[in-house]
K.L.:
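Dropping the structure in here first, questions after.
When reading the values below, keep in mind they use all heavy atoms of this one structure, side chains included, and skip hydrogens, waters and symmetry mates. The first residue in the sequence is number 1, and the count goes up from there. Remember, it's 1-based here, ligands and their atoms both numbered in the order they're listed.
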Amino acid sequence: MNDTNNTAGSAAETRAFDTEVHQLLKLMINALYSNREIFLRELVSNASDALDKLRFQALTDGDLQSVVQDPAITVTVEPDDNTLVVTDNGIGMTREDVIENLGTIARSGTARFLESLSGDQKADAKLIGQFGVGFYSAFIVADRVTVETRHAAAAADAGVRWSSDGKGEYTLEATTLSEPGTRVRLHLAEDHRDLLDPDRVKRIVRHYSNHISFPITVVAAGDESDQAPEIVNDTQALWIRPKAEIEDAEYEEFYQGLSGDLQSPVKWAHHHVEGTQSYSMLLFLPGQAPFDLAWNRDDRRGVKLYIQRVFIMDAAEQLLPRYLRFIRGVVDSADLPLNVSREILQDSPLLDKIRAAVVRRALDMIEKLADEGGEAWTTFQREFGNVLKEGVIEDPENRERIAGLLRFASTVERAPHSVSLADYLARAGEQPEAVWYLTGDSMDQLLASPHLEAFSKAGVEVLLLTDPIDVWLVNHLFEFDGKPLKSAASGEFEAPADEGEEATEAVQQQRDELCGTIKKLLGERVGNVRPSKRLTDSASCIAEEAGGMTLQMRRMLKQAGQDVPDFKPDLEINPRHPLVARLAETGDETRRTELAHLLLDQALLIDGGELADPAGFVKRVNKLLSA
Ligand code: ADP
């Protein structure tokens, strides 16, 4: 739209806003003060809606077709007048429209915003950056807003001028506008005149409205240059374009802009979904983890939510579970209301569906990478493998799928992240009894563990789990492909006895008696003591109770400051070990007690447990050594 002229003879009419607008506006302005720039997003988005509406209505209304021009949104900076103007050549408004849309708070996005205010200014301000608040947000920065508008189907002299200082009243007068469309003129309050800078305005437009599909230009008043002003936004939002048209380089560039990552993404997934609900999603798998990925579990800024190409918020937590927090991307919904809030998103069935699709597509992408294998997959495992493990705990619905993507070290392949559960089962042959694993602090500790002795004798592979998360993982992953996961420390596994090694009943009885003696000597320190069927080299080990708390887990909980109940470990002893033989033979009661305590201390130490009385342990060892 171009010129405006006052229509002679039409007196301005003053009207009151319908409710306590003044108070409400004040509240909003306070809450939004630190996010003031969003006013431009709101005005541009209204302009874009108006252009959409005109295009849509012109499809069926022949008269309107002649009105449709090249759609354009212009932001004009007029420093001399302390004014910013947002102009569009969209559908425009009739006088009734203006009264209804700009005269009543209840109709606008502002009303919904105000309803959701908590009264806590800080929380409200935080909430708002991601909110559609509507036209009235202009009053965050302006002390007077003037709207001149003419409906596309109305005559030139049916223009309307609306003007208000946002304090409870507005004036309305007829005017003549040579072109249909809407012009919103903001007279900036003194505090906000720093916004009268075209470069700054361009930055704001790019930040919030880069993917509006109509061209946006920012011009400075008095700029006489003949060149057409440059279009500030990227009118062709990448994600809404057909996949076949998009070059890899464009995806890569888009990812880098989106994520700030200087590297290229490893993979992307781009989908357009049409149906009861329409949306586009574009997801990226980065090549490297941000430095704080492991511990910064709550900061998920990866996936942006757009609604009809208008940026709404970083909605990663609504769109992605924690264990996929490394995924980057964009979701653009055609169906969510623009004035959506985080609270609304929290329990929006629409969004639940999108979220499920995002998870499915993200897992597809990771599976594809796994199938391709190679360097990229190894890197993925190194960077994100441990975070993915959280999924087994967090996302029961996808547990089996996620478990299939996990990789571990094992007694067969010791490199970290190399063995999948499927590999394990395939290697285990016909009828694997279980997937055996052992958790601990380091590979060295695990490889030296007495719990592995029986397995190495029997040639059975054991997964070696050394990441802190593994302890929790095995508490949630009970089986894979129908096979139970079992701890090698539980004592359930028995190595096949060697020829002629079967103990006679008499020997068996002797061993049981010895265990009884040791239990008596150790008193309150142990639960059960039993002869071990699995130890070959070590003298003793702790038998973990199946499903119980491991020593490692107890220690981790303690370190985290949690109360851990006392427990009495079960002890297994190797009757064939010389130390045990000495204990059985000696007649010296004190020495026998010392040996018994040593057997227990050793077993605890080797499993990464803590000794309640380390000084006593050292004393006992020294005494034995010097004896
Ligand atoms: P919302 O956009 O959430 O409806 P707003 O307060 O931003 O709330 O706007 C209220 C209404 O005013 C819009 O729904 C629209 O009908 C009308 N409107 C606002 N800006 C324009 C514009 N530039 N062109 C045409 N109509 C507009």
K.L.:
Which of the numbered atoms in ligand 1 are under 4.0 angstrom from any heavy atom belonging to Lys53?
P.N.:
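Those of ligand 1 that fall under 4.0 Å from Lys53 are 16 (O).
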K.L.:
Any donor and acceptor pair, going by atom type alone, linking the side chain of Gln318 with main-chain N or O of Leu351 inside 3.5 Å?
P.N.:
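No; zero donor-acceptor contacts below 3.5 Å.
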K.L.:
Look at the rings of Tyr306 and Trp239 and say which category their plane angle falls in: under 30° parallel, 30 to 60° tilted, over 60° perpendicular.
P.N.:
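It falls in the tilted class, 30° to 60°.
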K.L.:
Salt bridge or not between Glu367 and Arg360? Use side-chain N to carboxylate O under 4.0 Å.
P.N.:
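The answer is no: the pair does not qualify as a salt bridge.
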K.L.:
Below 3.5 angstrom, do we get any N/O pair linking Asp88 and ligand 1?
P.N.:
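Looking only at distances, the answer is yes, because the N/O contact criterion of under 3.5 Å is met.
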K.L.:
Which atoms of ligand 1 sit under 4.0 Å from any heavy atom of Phe135?
P.N.:
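In order of numbering, the contacting atoms are 5 (P), 6 (O), 7 (O).
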K.L.:
Hydrogens and angles aside, do Tyr251 and His270 bring a side-chain donor and acceptor to less than 3.5 Å of each other?
P.N.:
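Present: a donor and an acceptor within the cut-off.
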K.L.:
Before signing off on this row, confirm whether Gly92 and ligand 1 have an N or O atom pair separated by under 3.5 Å.
P.N.:
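Checking ligand 1 against Gly92, no N or O pair falls under 3.5 Å apart.
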K.L.:
Kindly confirm or rule out an N or O of Asp49 lying under 3.5 angstrom from an N or O of ligand 1.
P.N.:
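No; the residue has no nitrogen or oxygen that sits under 3.5 Å from a nitrogen or oxygen of the ligand.
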K.L.:
Is there a heavy atom in Met93 that sits closer than 4.0 Å to ligand 1?
P.N.:
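True for this residue.
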K.L.:
Please classify the Glu42 to ligand 1 contact at 4.0 Å (heavy-atom distances, strictly less than): side chain, backbone, both or neither.
P.N.:
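Neither part.
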K.L.:
Hey, is Asp97 touching ligand 1 through its side chain, its backbone, both or neither, going by heavy atoms under 4.0 Å?
P.N.:
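Neither; nothing of Asp97 gets under 4.0 Å from ligand 1.
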K.L.:
Would you check if there is a donor-acceptor pair between the side chains of Arg144 and Ser163 at a distance under 3.5 Å?
P.N.:
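There is such a pair (donor and acceptor under 3.5 Å, judged by atom type) between the side chains of Ser163 and Arg144.
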K.L.:
Thinking salt bridges, do Asp352 and Arg355 make one under a 4.0 Å N-O criterion?
P.N.:
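Looking at Asp352 and Arg355, the cut-off is not met.
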